[in-house]
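Report on the following structure.
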Amino acid sequence: MKKLILAFLLAFTGFISFAQSFTGVQLQIMAKKPEEAKKELDKKLADPKLKDNAEAYYWTLAVYSDIFRDSVTAAKYPGSDSIALAALNQYAQKDTSLKLLRDNAGIIPSLDFLRVVSFNNGITYFRKSNWLKSYNSFKVTDNLDGFMVTHHMLNQNYIDTNVVLLTGYAAQNSGLIPEAIEHYKRLADRQLKVGDSNDFGSNMYTYLLDYYLKNNDGDDFKKYIGTAKKLFPQYNTNWDQMEMQNTTSNSSLTELLAKYKEDDAAGKMTEDQYLTYADAFAQPDKKEESKLDSSAQVQLRLTAAQAYSKAFRLNGGADNIDVNLKTGSAPTTKPNLSGIYAFNVGVLYYNVYDELGQRFFNLRGESADLKAKRDVAEKMQVQYADSSITWLQNAYNVLKAKTDRSRSENTSLNRSVDFLANLYQWKEDKARGINPKDVDKYEALYKQFDSEHDKYKN
């Protein structure tokens, strides 16, 4: 028995041999008396010789992490975690081997106290949507994980996906965008499918990709879009749409037109893909557009019209919506189809028609050459006027049938009416002295749409 007691005493003596100056502090911690340990620490730190050395910083870390781990003492001594973390930083600078920390970790797991309690605090704030406090708490755990990996106290490939994800999410909701991106990238770089639900994980990739879209960072976007598609194939519609946005944001108009022709010829584009191309061509970057000659600019708008028309077809298979220009009759349409696409097509054709009208006017004169050019311009103007009428009437038919029109749909319907009135009046004038029946028909249509001016209020 005496030998066993002696062995125990020798073992205990070995444990405290690293910290004989702070034996009282150590004993109080082991007795689970954190406040008494603090009193002992304060006494020791009053000695200038003991204040600024590795041992002092280690025991400051040990005492204040012990205080922090208990909610009662943590409330009594606010900021104990900050004191412990500052002490850890100073200790690591004084003792790069971290010998005291490593040797005593099994009995006084200071880093675990800080990691676990900070994480639990983060969860509490998270559930209350107190995002900044949640982020700051999670960040402590995340930083300590990094510290332990750096100092080979954890496996070099270690990563707590929940900690990193929640830290990023709290940063995102706090408006700390760079911090959110940094955390999400760490998960994405490992191609990790994270979160308790598909939505949580996919939202992380959506946020990451949207950030690169907004910053025109095509390289990083391409790097992570493949991972998103691989991990969350059920959201491929969303990924495809974002991929199209990246294509339009990081390509010249010439490159984009070539890509559109290639994708269109393949015959596999979705409605959203056609819409993305259409928006890019209809509202191009002005600097990019200025690089095109006038003919190419017209072709750009016509390509936009084609893309909108294909999106319209895919939206509801509305091939039956086609105006009979000979009779002006309107077919029955499905009320659930969006008329915005049709309106956009009509407006694009109307703009070309309008430009040709200006060209016709500018070619006034009596020479044979000018007359021949006017004839060409007028012939083309008739073509685009008819195309504009077809699609504006499609828009009119679809939007008028809707009972729950949005503000933008009401605006489009009102503008469709005005454009149609202008076009039919123009066709009426062109028919005068040539075909009386057409004059009567177009006059009636002009009056119909003119009477509906500003009828569809927002």
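We count residues from 1, following the sequence as given. Every value quoted in this text rests on a predicted model; they were computed, and no experiment measured them.
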**Q.** Value rounded to 0.5 Å, distance of CG in Asp375 from CG in Leu370
**A.** 11.0 Å
(Q) Working note: Asp272 + Asp240, criterion side-chain contact (heavy atoms from CB on, under 4.5 Å); need CA distance, chi angles, decisive distance, verdict. (A) CA-CA 8 Å; Asp272 286 336; Asp240 287 344; over 6 Å; no
Q. Looking at side-chain heavy atoms only, is the closest gap between Asp52 and Tyr57 below 4.5 Å?
A. yes
Q) Is any side-chain heavy atom of Tyr384 closer than 4.5 Å to a side-chain heavy atom of Leu356? A) yes
**Q.** Arg374 (side chain) donor-acceptor with Gly365 (main chain) under 3.5 angstrom
**A.** yes
Q: Specify the closest pair of heavy atoms between Ser65 and Ala84, including all atoms of both residues, with the distance to one decimal.
A: N-CB, 3.8 Å
Q: Would you tell me whether Gln358 and Asn362 have side-chain atoms, one donor and one acceptor, within less than 3.5 Å of each other?
A: yes
Q | Approximate separation, where rounding is to 0.5 Å, of Arg405 CZ and Ile340 CD1 | A | 11.0 Å
Q.
Distance check, rounded to the nearest 0.5 Å: Arg127 atom CZ versus Ser134 atom OG?
A. 10.5 Å
Q.
Do Thr254 and Ser252 pair up side chain to side chain, a donor and an acceptor below 3.5 Å, judged on atom types alone?
A. no
Mind listing the side-chain donor-acceptor pairs of residues 135-142 below 3.5 Å, one per line with the distance, residues two or more places apart or on another chain?
residue, atom, partner, partner atom, Å
Asn136, ND2, Leu132, O, 3.3
Ser137, OG, Lys133, O, 3.1
Thr141, OG1, Arg115, O, 2.8
Thr141, OG1, Phe119, N, 3.2
Asp142, OD1, Arg186, NH2, 3.0
Asp142, OD2, His183, NE2, 2.8
Asp142, OD2, Arg186, NH1, 2.9

Q. Would a 4.5 Å heavy-atom cut-off, applied to side chains only, mark Tyr224 and Lys185 as touching?
A. yes
Q.
Do Glu288 and Leu256 have side chains that approach each other closer than 4.5 Å (heavy atoms only, starting at C-beta)?
A. no
Q | Donor-acceptor pair between Tyr341 and Glu271 side chains, under 3.5 angstrom | A | yes
Q) Do Leu165 and Leu187 touch side chain to side chain, with heavy atoms closer than 4.5 Å? A) yes
Q | Worked verdict on Thr167 versus Glu179 for side-chain contact (heavy atoms from CB on, under 4.5 Å) | A | CA-CA 9 Å; Thr167 308; Glu179 290 80 359; over 6 Å; no
Q | Parallel, tilted or perpendicular: rings of Trp239 and Phe232 (30°, 60°) | A | tilted
Q: Take atom CG of Asp219 as the centre, draw a 6.0 Å sphere, and report whether it contains more than 12 heavy atoms from other residues, nucleotides or ligands.
A: no
Q) About how many Å separate CG of Leu275 and CG of Leu314, when rounded to the nearest 0.5 Å? A) 11.0 Å
Q: Go through the structure and list residues passing ring-ring contact (aromatic ring centres under 6.0 Å, His included) with Tyr350, not counting sequence neighbours.
A: Tyr353, Phe419
Q. Within the side chain of Asn410, is there an N or O that forms a donor-acceptor pair under 3.5 Å with the backbone of Tyr456?
A. no
(Q) More than 12 heavy atoms of other residues, nucleotides or ligands under 6.0 Å from CZ of Arg301: yes or no? (A) yes
Q.
Applying ring pair (Phe, Tyr, Trp, His ring centres under 6.0 Å) to Trp391 and Tyr308, what does each step give before you reach the verdict?
A. CA-CA 11 Å; Trp391 283 97; Tyr308 277 128; over 10 Å; no
Q | Presence of salt bridge, Lys447 and Glu443, under 4.0 angstrom | A | yes
Q) How about Gln172 and Tyr184: does a side-chain donor come under 3.5 Å of a side-chain acceptor? A) yes
Q) Is a side-chain donor or acceptor of Arg102 paired with a backbone partner of Ser97 at a separation under 3.5 angstrom? A) yes
(Q) Is it the case that the side chain of Asn215 and the backbone of Asp217 share a donor-acceptor pair, with hydrogens and angles ignored and the cut-off at 3.5 Å? (A) no
Q) When the aromatic ring centroids of Phe449 and Tyr396 are compared, is their separation below 6.0 Å? A) yes
**Q.** Check: Leu85 and Asn89 side chains under 4.5 Å, non-hydrogen atoms
**A.** no
Q. Taking 4.0 angstrom as the limit, do Asp418 and Arg415 come out as a salt bridge?
A. no
Q: Check the pair Tyr442 / Leu423 against side-chain contact (heavy atoms from CB on, under 4.5 Å), numbers first and verdict last.
A: CA-CA 9 Å; Tyr442 293 135; Leu423 288 163; over 6 Å; no
Q: Decide side-chain contact (heavy atoms from CB on, under 4.5 Å) for Asn246 and Lys222; before the verdict, give the C-alpha distance in whole Å, the side-chain angles of both, and the deciding distance to 0.1 Å.
A: CA-CA 9 Å; Asn246 179 64; Lys222 290 175 183 177; 4.1 Å; yes
Q. Rounded to the nearest 0.5 Å, how far apart are OG1 of Thr411 and CG of Leu399?
A. 10.5 Å
Q) Ser251 and Thr247: which non-hydrogen atoms are nearest, and at how many Å? A) OG-O, 2.7 Å
Q) Any side-chain heavy-atom pair from Tyr125 and Asn121 closer than 4.5 angstrom? A) yes
Q | Tyr64 and Ile67, any side-chain heavy atoms less than 4.5 Å apart | A | yes
Q: Write out all pairs satisfying side-chain hydrogen bond (donor to acceptor under 3.5 Å, both in side chains) with one or both partners inside residues 258-269, taking only residues at least two apart or from two chains.
A: Lys259-Asp263, Tyr260-Gln306, Asp263-Tyr277, Asp264-Tyr274, Asp264-Lys310
Q) Ion pair present between Asp429 and Arg432, side-chain N to carboxylate O less than 4.0 angstrom? A) yes
(Q) How close do Ala171 and Ala180 get, counting heavy atoms only, and between which atoms? (A) CB-N, 3.7 Å
(Q) Using only atom types and a distance under 3.5 Å, with no angle test, would you say the side chain of Glu289 pairs donor to acceptor with the backbone of Gln297? (A) no
Q) If you round to the nearest 0.5 Å, how far is OG1 of Thr73 from OH of Tyr77? A) 8.0 Å
(Q) Can you give me the closest heavy-atom contact between Phe221 and Met242, atom names plus distance? (A) CZ-O, 3.3 Å
Q: State, to 0.1 Å, how close Ala280 and Leu253 come at their nearest heavy-atom pair, and which atoms those are.
A: O-CD2, 4.4 Å
Q. Under 3.5 Å, side chain of Tyr58 to main-chain N/O of Asp95, donor-acceptor pair present?
A. no
Q | Atom of Lys229, atom of Asn236 and distance for their closest heavy-atom approach | A | CG-OD1, 3.7 Å
